[in-house]
Amino acid sequence: MKFVYCNDTGREIGIHPATKEHGTECDMSIIKPLEVRTFYLPNGTYPWVKMWDYGEERGLSILVSPHKESD
């Protein structure tokens, strides 16, 4: 499954390492403001998304984790 995310926050967003560890394939580099990033999840799953705001110094971070459709 393909999940497309658009960074409309005006800030850079880091991708949490667990995104890849949970089986999502993507470019793990920082997502720049107004950049669109595609995440590829295993078949039969949907994206569960969580974002953290660590403040101006540490920035934003996003986790995209696949969950089974039966969950």
Side-chain angles (χ1 to χ4, degrees):
M1 176 195 191
K2 183 166 74 169
F3 170 70
V4 179
Y5 176 80
C6 177
N7 178 5
D8 64 352
T9 67
R11 296 166 58 190
E12 294 184 342
I13 300 175
I15 300 175
H16 194 285
T19 294
K20 192 158 246 170
E21 293 169 13
H22 290 179
T24 301
E25 295 181 22
C26 67
D27 174 356
M28 293 292 289
S29 65
I30 298 291
I31 306 172
K32 306 275 187 203
L34 300 179
E35 182 179 352
V36 174
R37 182 66 52 90
T38 302
F39 296 84
Y40 298 93
L41 292 85
N43 288 333
T45 65
Y46 64 91
W48 181 89
V49 180
K50 168 74 172 136
M51 180 179 277
W52 293 267
D53 186 346
Y54 295 110
E56 290 297 321
E57 286 187 28
R58 290 188 54 210
L60 297 169
S61 184
I62 189 172
L63 166 68
V64 179
S65 183
H67 281 254
K68 293 185 179 179
E69 291 181 4
S70 61
D71 290 348

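- You'll find the side chain of Pro66 stays beyond 4.5 Å of the side chain of Met1, heavy atoms only.
- Residues Phe39 and Ile15 form a side-chain contact, since some pair of their non-hydrogen atoms from C-beta on lies under 4.5 Å apart.
- Here the shortest heavy-atom pairing between Cys26 and Thr38 reads CB-O, 3.7 Å.
- Cluster partners of Trp48 are Trp52, Tyr54, Leu63, counting Ile, Leu, Val, Met, Phe, Trp and Tyr whose side-chain heavy atoms approach within less than 4.5 Å, directly or via other members.
- Linking Ile, Leu, Val, Met, Phe, Trp and Tyr whenever their side-chain heavy atoms come within less than 4.5 Å puts Ile13 and Met28 in one cluster.
- Legend: salt bridge (Lys or Arg N to Asp or Glu O under 4.0 Å) pairs involving residues 5-16, not counting sequence neighbours, sorted by first then second residue: Arg11-Asp53, Glu12-Lys32.
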Side chain to side chain contact (heavy atoms under 4.5 Å, CB included), that's the test. Do Thr24 and Phe3 meet it? Break it down for me. CA-CA 10 Å; Thr24 301; Phe3 170 70; over 6 Å; no
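- When every heavy atom of Val64 is checked against every heavy atom of Pro47, the shortest pair comes out as CG1-CB, 4.1 Å.
- Environment of CG in Asp27: crowded, with over 12 heavy atoms of neighbouring residues, nucleotides or ligands closer than 6.0 Å.
- Two residues are said to be in side-chain contact when any heavy atoms from C-beta on lie closer than 4.5 Å; Tyr5 and Ile31 meet this criterion.
- Heavy-atom contacts from other residues, nucleotides or ligands closer than 6.0 Å to CD of Glu35 number more than 12.
- Using a 4.5 Å cut-off on side-chain heavy atoms (C-beta onward), Arg37 and Asn7 make no contact.
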